[in-house]
Amino acid sequence: MSEVNSISPEVQRRILEEEYPELAEFRASGRAEERSLPPLPNAMEGKVRLRFAPNPDFVIHMGNARPAIINHEYAKMYRGALILRFEDTDPRTKTPLKEAYDLIKEDLKWLGVSWDEEYIQSLRMEVFYKVAREAIARDCAYVDNCGDEGKRLLSEGRHCPSRDYPPEESLELFDRMLDGVFGEGEAVLRMKTDPRHPNPSLRDWVAMRIIDTEKHPHPLVGSRYVVWPTYNFAVSVDDHLMGVTHVLRGKEHQLNTEKQLAVYRCMGWRPPEFIHFGRLKLEGFILSKSKIRKLIEEKPDEFLGYDDPRFGTIAGLRRRGILPEAIREVIMQVGVKPTDATISWANLASINRKLLDKRADRIMFVEDPVRLKLSLSSSKCLEARIPYHPDRPERVRAIEVCDGDSVLLSRSDYTSHQQVRLMGLSNFSIEDSVLVETDPSLDHARRMKLPIIQWVKASEAVKTVVLEPVELSLKSRSGYSEGSIRGYGVDSRLQFVRFGFVRVDSAGEEYTVIYTHK
RNA sequence: GCCGCGGUAGUAUAGCCCGGCCCAGUAUGCGGGCCUUUCGAGCCCGUGACCCGGGUUCAAAUCCCGGCCGCGGCACCA
């Protein structure tokens, strides 16, 4: 083994290829293999229609990215269509956020999810009313005007007397609902299922209810409507009308699927294929919309907003420095299994690091700096020519220092070494507050196994604060970056040499960056 | 409590439908090494898993039964 390890990688690879060609080939094809999704049942090329249907009560997070990306991937795979539909039919308890509609669209675009059609349910109320009337006419829906009593009766396997009214009478009651005759809770439209179904929530479930929009105005349509469809009714109607062929969503919707089937049965529609996958967690991040909202509201000084890098929102991950390709890749790896999955941060970070490594320029940053004077001996002045990226050695910046100039080193380097090589410059021994130049050659540094460390010319240093998310806190680490950081604006992704990858969060006289990962 | 869905290494996933090619593949993590003017990337080697118990079978991660555990649902939320 040690024999193998003492051989250089190129030689190792060559030997492998020569001696075991089938093995090398196997490796190569395994590497190229892209994770692809299993085929969809009853799917025809060009005919598949899918949808992503978020509730615009907040921005989307990693958990929503699963249905968004999976649906988009399938749409691409079958050259089908992806529908974006905002499900905003509860102005009372899940009040939509006016800004969320656009924020969600921005996040989707950033994720690379494109859609072909776009709908907003609160703008389709007349459609729901029309279908409701037809359902009543078909005698598979009725107005329950028993108020709270109606629910109690059903819990006992009985029902409100109005269930037995002829359709014409129910239709009249429905019109009175629309006219605002009833207050909240006084009347609801129910689908006729089975009042004695073993699962009480399935018994004549509510298709439409009254919401006092004077008290709870909707951000888009204000107080124009008082009768609102429930999720299950609105979804079935829209999925059918929009020609959705496959519904892929989280398994929390399994029971809803059963409810929705009642609408298809009533209307004589052909139901789509339903596929449920497990829930997603992101290790170390808060995903819950309600928890995030609560934290922002209760501790506005401690959190940066919905895009705080400690949150698992798409915006938060973006601000952290995660690339959309990394999110897509990790979602594709998890796939469509019905099991829950906890995405490990190490895994996401690793995928991201590989993508970032190719595009992030290398910049020197010293944390907790110590100021030292240079004592040069090889010449009066030295010029360090350091490539911004090891893959593109022609792109360099030059940093000139002269005898007597001051440089900054990270305190941890200062305290743990006696001899060092300042990257791209020369070798030094550390004597109290002076760096005394020894042999300038790189070979010498290698022979002596000197650590090659980053440094910042004091006169050009740019104060830099690194914000590092650690669990629920945001650790602040400060230091100085080399002057060339000024060439990078907000949103630039950099690698601070021997420190880690960061994303520029604010650029000005001073810089603030967010620590992405090692 | 009731109903539904699941359980492959620390994490994620392949294999399970159509039992043998699986003493279980891959990625990440971890340990070691090579390379390299970064503690990054790359390369090599290693490490580690079929929830438990029965059954069917020449043969079970794969099929059957029971148990345990986890998740989801049981709204006039989505």
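We name chains A, B, ... by the order of the sequence lines, and we start the count at 1 in each one.
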Donor-acceptor pair under 3.5 Å: do we get one between Asp57(A)'s side chain and the base of A78(B)?
no
Base U11(B) to side chain Glu283(A), donor-acceptor N/O within 3.5 Å cut-off
no
Please work out if [X] contacts a base, only the sugar-phosphate, or nothing of the nucleic acid, heavy-atom cut-off 4.0 Å.
X	result
Asp90(A)	sugar-phosphate
Phe501(A)	sugar-phosphate
Arg190(A)	nothing
Leu255(A)	sugar-phosphate
Asp212(A)	nothing
Glu87(A)	sugar-phosphate
Asp391(A)	nothing
Lys354(A)	sugar-phosphate
Val334(A)	sugar-phosphate
Asp443(A)	nothing

Indicate whether OP1 or OP2 belonging to [N] is found under 4.0 Å from a side-chain N or O atom of [X].
X	N	value
Lys518(A)	U38(B)	no
Arg209(A)	C77(B)	yes
Arg498(A)	G40(B)	no
Lys337(A)	A14(B)	yes
Lys151(A)	C76(B)	yes
Arg362(A)	G40(B)	no
Thr230(A)	C77(B)	no

Of the nucleotides [options], which one has an atom closest to the side chain of [X]?
X	options	result
Gln495(A)	U38(B), A78(B), G7(B)	U38(B)
Asn55(A)	A78(B), G10(B), G7(B)	A78(B)
Asn347(A)	U11(B), C74(B), C77(B)	U11(B)
Arg92(A)	C76(B), A12(B), G7(B)	C76(B)
Pro390(A)	G29(B), C76(B), U38(B)	U38(B)
Val188(A)	A12(B), C76(B), C77(B)	C76(B)
Ala346(A)	U11(B), U38(B), U28(B)	U28(B)
Arg353(A)	C39(B), C76(B), G29(B)	G29(B)

Please write out the pairs of protein N or O atoms and N or O atoms of nucleotides 69-72 of chain B separated by less than 3.5 Å, giving the distance to one decimal.
residue	atom	partner	partner atom	Å
C71(B)	O2'	Lys251(A)	NZ	3.4
C71(B)	O2'	Asp340(A)	OD2	2.4
G72(B)	O2'	Lys251(A)	O	3.3

Mind calculating the distance between [atom1] ([X]) and [atom2] ([N]) to the nearest angstrom?
X	N	atom1	atom2	value
Trp205(A)	C76(B)	CH2	C1'	12 Å
Leu97(A)	C77(B)	CG	P	18 Å
Tyr231(A)	G73(B)	OH	P	12 Å
Glu367(A)	C39(B)	CD	C1'	13 Å
Arg293(A)	C77(B)	CZ	C1'	13 Å
Phe277(A)	A12(B)	CZ	C1'	16 Å
Lys94(A)	A75(B)	NZ	C1'	11 Å
Trp345(A)	U11(B)	CH2	P	19 Å

Does the distance from a Lys or Arg side-chain N to an Asp or Glu carboxylate O, for [X] and [Y], drop under 4.0 Å?
X	Y	value
Glu394(A)	Arg392(A)	no
Asp238(A)	Arg124(A)	yes
Glu118(A)	Lys105(A)	yes

Holding to salt bridge (charged side-chain N to carboxylate O under 4.0 Å, His left out), I want the full list of residues that pass it with Glu468(A), two or more places apart in sequence or in another chain.
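Only Arg477(A) meet the salt bridge (charged side-chain N to carboxylate O under 4.0 Å, His left out) criterion with Glu468(A).
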Which residues satisfy the salt bridge (charged side-chain N to carboxylate O under 4.0 Å, His left out) test with Lys192(A), sequence neighbours excluded?
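So Lys192(A) forms a salt bridge (charged side-chain N to carboxylate O under 4.0 Å, His left out) with Asp139(A).
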[N] versus [M] - spacing of their [atom1] atoms, nearest Å:
N	M	atom1	value
C16(B)	G7(B)	P	13 Å
U36(B)	A49(B)	P	36 Å
C69(B)	C76(B)	P	31 Å
C21(B)	C39(B)	C1'	44 Å

Using a 3.5 Å cut-off on both pairing distances, which stems of three or more Watson-Crick or G-U pairs include RNA chain B?
B:1-7 with B:68-74, B:10-13 with B:25-28, B:29-34 with B:42-47, B:51-55 with B:63-67
Test applied, salt bridge (charged side-chain N to carboxylate O under 4.0 Å, His left out); reference residue, Asp144(A); option that passes from Arg163(A), Arg190(A), Lys151(A)
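Of all the options given, the one that passes is Arg190(A).
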With nearest nucleotide decided by heavy atoms, which residue, His417(A) or Pro198(A), maps closer to the 5′ end of RNA chain B?
Pro198(A)
Ser344(A) vs Asp413(A), nearer the 5' end of RNA chain B by closest nucleotide:
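Looking at the nearest nucleotide for each, Ser344(A) comes out on the 5' side.
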Regarding Asp90(A) and Thr93(A), do their side chains bring together a donor and an acceptor under 3.5 Å, going by distance alone?
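Per modelled atom types, Asp90(A) and Thr93(A) side chains form a pair under 3.5 Å.
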For the ring pair Trp345(A) and Phe285(A), is the centre-to-centre distance below 6.0 Å?
yes
What's the shortest heavy-atom distance between Leu317(A) and Gly312(A), and which atoms?
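Distance-wise, the nearest heavy atoms are CD1-O, 4.1 Å.
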Between Arg493(A) and Phe501(A), is NZ or CZ placed under 6.0 angstrom from the six-membered ring centre and within 45° of the ring axis?
no
Going by the rule side-chain contact (heavy atoms from CB on, under 4.5 Å), which residues pair with Lys294(A) if we only count those two or more places apart in sequence or in a different chain?
Glu298(A)
With sequence neighbours left out, what residues match Arg249(A) under side-chain contact (heavy atoms from CB on, under 4.5 Å)?
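Scan of Arg249(A) (side-chain contact (heavy atoms from CB on, under 4.5 Å), adjacent residues dropped) gives Arg51(A), Tyr231(A), Val235(A), Val247(A), His253(A), Thr257(A), Gln260(A), Phe274(A), His276(A).
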Other residues, nucleotides, ligands: >12 heavy atoms within 6.0 Å of Glu156(A) CD
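Enclosed.
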